[in-house]
Amino acid sequence: MRFSRMLLPTLKEPPSDAEVVSQRLMMRAGMIRKVAAGIYNLLPLGLKTIRKVEAIVRDEMDLAGAQEVLMPMVVPSELWKESGRWDEYGKELLRLVDRHGREFCLGPTHEEVITDLVRREVRSYRELPLNLYQIQTKFRDEIRPRFGLMRGREFIMKDAYSFHATDESAEDEYRNMHAAYSRIFERCGLDFKAVEAETGAIGGRFSHEFHVLADTGEDAIASCRSCDYAANVERAEIRPGEAPGGSSEGKPLERVNTPGKRSVEEVSAYLKVGPERLIKTLIYETDRGLIAALVRGDREINEMKLKRALECATLRLADEASVTASTGAPVGFAGPVNLKLPVYADFSVREVRNGVTGANEADAHLINVSPERDFRAVYVDIRNAADNDGCPRCNGVLEIKRGIEVGHIFKLGVKYSYSMGASFLDEAGKERPIIMGCYGIGIGRTAAAAIEQNHDAAGIIWPAPLAPFDCEIVPVNVNDAQTMRVSTEIYDALGKDCDVLIDDRDERAGVKFKDADLIGIPLRITVGERNLKQGQVELKERKGAGVSLVKVEDAVEAARGMLKRGA
RNA sequence: CGGGGCGUAGCGCAGCCUGGCAGCGCACCUGCUUUGGGAGCAGGGUGUCGGAGGUUCGAAUCCUCUCGCCCCGACCA
């Protein structure tokens, strides 16, 4: 491809509303342009990378035995009403009405459509298992779209759905997809991690997220330094710490005045006690009444874990009136001692001796509080995992990293097949709901994540498998006949088996080098009069600092060699 | 949905408070010089100042409404 003929509008400065690195660089590199909030044009360069991701995904899905289909983006409301999600899904579901007054939605995911398809076509266990996937545009009317392709409203997703006669078969496929996803992200050249994930409303043990590790990731991931345990912090379990032996050193309980000191920081500073000696008491309102949740002052409650521990359906922080009514004190002075509510304490609380809690009266706290001696609680794991917390699987410790969720695999069970009547006849002729799994990959997000993970101050550093071109040739001066002759020769020869971009613009060298660094093609071949005097051209890998000079006649072979080695 | 902010040339922004020729940098077009890391000089302005209404002799500037975008929070999973 000739740069001069390509719609490749690079920018020196990113638009002011671009926040994250991948979005800024994709804008600057002329890969994407915004059309509306969370909705983007993909320009030629951007589309090339998207196609590379798609090709890898398609290849591995096919190899794993899945079959590609394409479902409509516009879905009749009936299907969503059948599954119950027309009412459950909320405002993220963009609804439309056609000229006849019929209701539709733009598909944010396709369980309903695929289940409808399969229930019509599959009758017997002999036709199972089945794994169908598509690569298609989805629409979710996000409250706050942001971060470019990372969290758009319209986005390209690979979604696969599998159908099984037995649990064993569904679990086999889950493992099969787990392996396929690992191969996909490996082939993309990304540093990623599969982690145990929240199963959410659907429940069940089986859910993994695939995260590309990057400091800018939206999710926090806990992984063990010693074994292979890894989980989203939303879910990560923590090995309970040892309760300190003997409470003999416990000093007598005492009440102190703490006028206006409510937060952990304020109380800690006022009483000159480290936050790890404070016990934070939060009052929650659940469908089973008010409860108190305790966590050490330097830790955070994880509401999802709390919800699971309580086995309640709804959970939210109690309002001021409920707090005052139940504790006898304004918000900020609640404590577990003599509290007439069920008390659930994180394991971290058990380690506190001579701690500080609210006194359940305004402007007062209790000091020298010792769990067990001064209050009773049910001890549970309800805090967010942090660096150096104990691994739940071994004796190691956890570390927290940030990740971008690019894939999610899920065992669905019979949620959709049951509500929508997708069943089959088993060997005994008995009708049973089909067991399902679903497996998603964000295509655009994967491309964006690759940039978050691979860039420097000058621009993108594409992992070779996702690069829009394999190689970029930079003729330094297009008005020099020899430069152009050599460049064109290399371009033609290399172009036989590589995707090559030649920057044939009549621009100064500096401009071309800056753009080359920005768009991040893995290998750059610079052809200039200076080196041509020695019969040489320059090869440079985008990711490395060094350059190598090779003879003109060896350039194509040398380039092929570098590309093969994964330049 | 609550709070805050922004909207002026393709991009980044100033001007608004205190009403009086619509500006700056980059990009773009022409010419000359230059030519290995975002060149120099000279010339060129490409604009519905988001939109509508109002106040005023006069509105980018003040007022009202409205649309879009961004940030924080809430919501969602």
Side-chain angles (χ1 to χ4, degrees), chain A residues 7-20 23-24 27-30 33-40 43 85 87-94 108-109 111 138 140-148 151-153 157 197-204 207 209 218-219 232-235 303-304 307-308 314-317 319 405 408 410 412 415 438 440 442 456-459 472-480 483-484 487 503 505-519 524-534 536-540 542 545 547 549:
Chain A
L7 179 64
L8 183 34
T10 58
L11 302 171
K12 274 192 190 174
E13 291 181 87
S16 59
D17 59 4
E19 297 174 74
V20 294
Q23 184 185 13
R24 296 165 69 89
M27 291 291 294
R28 288 191 53 208
R33 287 292 183 262
K34 189 162 82 171
V35 176
I39 299 176
Y40 289 84
L43 276 54
R85 289 208 290 184
D87 297 316
E88 284 169 20
Y89 209 85
K91 285 193 268 190
E92 274 188 25
L93 188 66
L94 187 68
T109 172
E111 283 83 2
K138 305 277 189 224
R140 291 182 191 171
D141 200 359
E142 296 268 353
I143 295 170
R144 260 185 74 195
R146 50 185 151 174
F147 306 154
R151 184 180 281 278
R153 291 196 288 174
M157 179 166 154
E198 224 6 89
T199 47
I202 299 159
S207 180
E209 291 168 352
E218 286 192 89
D219 290 293
N232 194 308
V233 164
E234 286 177 349
R235 182 181 179 82
E303 293 186 1
M304 236 163 299
K307 200 168 160 183
R308 203 158 37 234
T314 66
L315 176 83
R316 63 155 192 258
L317 272 176
D319 56 35
E405 183 191 345
H408 199 162
F410 234 107
L412 282 178
K415 179 180 162 81
C438 75
D456 61 16
E472 175 172 348
I473 300 171
V474 179
V476 172
N477 177 6
V478 296
N479 298 312
D480 178 66
T483 297
M484 286 316 287
S487 299
D503 192 348
R505 295 175 301 168
D506 187 5
E507 285 285 356
R508 300 174 68 82
V511 173
K512 298 191 189 189
F513 290 145
K514 290 288 185 194
D515 274 345
D517 288 346
L518 175 60
I519 66 180
R524 188 181 86 197
I525 303 178
T526 306
V527 182
E529 291 158 88
R530 198 173 71 191
N531 290 319
L532 282 177
K533 282 184 190 134
Q534 278 78 48
Q536 292 176 318
V537 296
E538 176 189 296
L539 270 59
K540 180 179 182 304
R542 175 64 178 89
V547 298
L549 292 171

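Sequence lines set the chain letters: A, B, ... in the order given, protein chains first and strands last, and positions in each chain run from 1. The figures here come from the full heavy-atom set of this structure, side chains too, leaving out hydrogens, waters and symmetry mates.
Out of B:A39, B:C69, B:G37, the shortest distance to the side chain of A:Lys34 is found at B:C69. The nucleotide whose nearest atom lies closest to any side-chain atom of A:Lys12 is, among B:C28, B:A39, B:C26, B:C26.
Atom C1' of nucleotide B:A77 and atom NZ of A:Lys415 are separated by 12 Å, given to the nearest angstrom. Summarising the geometry, the separation between OH on A:Tyr40 and P on B:C69 is reported as 11 Å, rounded to the nearest angstrom. Rounded to whole Å, atom P of B:C76 lies 16 Å from atom CG of A:Leu93. Taking atom CG on A:Leu8 and atom P on B:G38, their separation rounds to 19 Å, with Å as the unit. A:Lys91 has its NZ atom 16 Å from the C1' atom of B:A77, to the nearest Å. Residue A:Ile519 contributes atom CD1, which lies 14 Å from atom C1' of B:G38 at whole-angstrom precision. To the nearest angstrom, P of B:C69 lies 9 Å from CD1 of A:Ile39. Distance A:Arg508 CZ to B:U34 P: 11 Å, rounded to the nearest Å.
Counting non-hydrogen atoms under 4.0 angstrom, A:Asp480 reaches nothing in the nucleic acid. Note on A:Asp515: a base of the nucleic acid sits closer than 4.0 angstrom, heavy atoms only. Note on A:Arg28: a base of the nucleic acid sits closer than 4.0 angstrom, heavy atoms only. If you check every strand for non-hydrogen atoms under 4.0 Å, A:Arg524 touches a base. Using a 4.0 Å heavy-atom criterion, one finds that A:Glu538 contacts the bases of the nucleic acid, with or without backbone contacts as well.
Across every strand in view, B:G47 sits unpaired, with no contact that passes the Watson-Crick or G-U test at under 3.5 angstrom. With a cut-off of 3.5 Å on both pairing distances, B:G58 has no Watson-Crick or G-U wobble partner at all. For B:A22, there is no paired base (Watson-Crick or G-U wobble, both distances below 3.5 Å). When both pairing distances are held under 3.5 Å, B:G36 makes no Watson-Crick or G-U pair with any nucleotide shown. Across the strands present, B:C76 finds no partner; the criterion is a Watson-Crick or G-U wobble pair with both atom distances under 3.5 angstrom. The partner of B:A52 is B:U64, judged by Watson-Crick or G-U wobble contacts that both fall below 3.5 Å. Pairing for B:A42 goes to B:U30, judged as Watson-Crick or G-U wobble with the two contacts each under 3.5 Å.
Position along RNA chain B of the nearest nucleotide to A:Glu92 versus A:Asp517 favours A:Asp517 as the more 5'-ward residue. Nearer the 5' end of RNA chain B, as judged by each residue's closest nucleotide, is the contact made by A:Leu518, out of A:Leu518 and A:Arg146.
Rounded to the nearest Å, the gap between the C1' atom of B:C75 and that of B:A59 is 41 Å. B:A60 and B:G3 have their C1' atoms separated by 27 Å, given to the nearest Å. For the P atom pair drawn from B:G38 and B:G43, the interatomic distance equals 25 Å after rounding to whole Å. A distance of about 33 Å separates the C1' atoms of B:C72 and B:G53, rounded to the whole Å. Across the C1' atoms, B:G10 and B:C28 are found 8 Å apart, a figure rounded to whole Å. Separation of the C1' atoms belonging to B:G4 and B:A9 is 29 Å when rounded to the nearest angstrom. Comparing the P positions of B:C1 and B:G54 gives a spacing of 29 Å, expressed to the nearest Å. B:U30 and B:U66 are spaced 47 Å apart, taking the P atom of each and rounding to whole Å.
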Could you walk me through whether A:Arg316 and A:Glu303 pass the salt bridge (charged side-chain N to carboxylate O under 4.0 Å, His left out) test, one step at a time?
CA-CA 8 Å; A:Arg316 63 155 192 258; A:Glu303 293 186 1; over 6 Å; no
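Here A:Asp17 pairs with A:Lys34 under the side-chain hydrogen bond (donor to acceptor under 3.5 Å, both in side chains) rule; sequence neighbours left out. Residues forming a salt bridge (charged side-chain N to carboxylate O under 4.0 Å, His left out) with A:Lys138 (at least two apart in sequence, or on another chain): A:Asp159. For A:Tyr89, the ring pair (Phe, Tyr, Trp, His ring centres under 6.0 Å) partners two or more places apart in sequence, or in a different chain, are A:Trp80. Under the side-chain hydrogen bond (donor to acceptor under 3.5 Å, both in side chains) criterion, A:Asn531 pairs with no residue, sequence neighbours left out. Residues passing the salt bridge (charged side-chain N to carboxylate O under 4.0 Å, His left out) test with A:Arg542 are A:Asp456, sequence neighbours excluded.
A side-chain contact (heavy atoms from CB on, under 4.5 Å) with A:Val474 is found for exactly one of A:Lys540, A:Lys512, A:Glu507, namely A:Lys512. Each of A:Asp503, A:Asp517, A:Ile473 was evaluated against A:Arg524; a single residue qualifies, A:Asp517, per the side-chain contact (heavy atoms from CB on, under 4.5 Å) test.
Remark: A:Lys415 does not engage A:Glu111 in a salt bridge, criterion side-chain N to carboxylate O under 4.0 Å. The residues A:Glu92 and A:Arg153 are annotated as not salt-bridged, no charged nitrogen and carboxylate oxygen being separated by less than 4.0 angstrom.
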N/O to N/O distances under 3.5 Å, protein versus nucleotides 10-12 of chain B:
unit_1	atom_1	unit_2	atom_2	d
B:G12	OP1	A:Ser16	N	2.7
B:G12	O2'	A:Glu13	OE1	3.4

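The base of B:G36 is not paired with the side chain of A:Asn477 by any donor and acceptor separated by under 3.5 Å.
Side-chain nitrogen and oxygen atoms of A:Lys514 include none within less than 4.0 Å of the OP1 or OP2 phosphate oxygen of B:G36.
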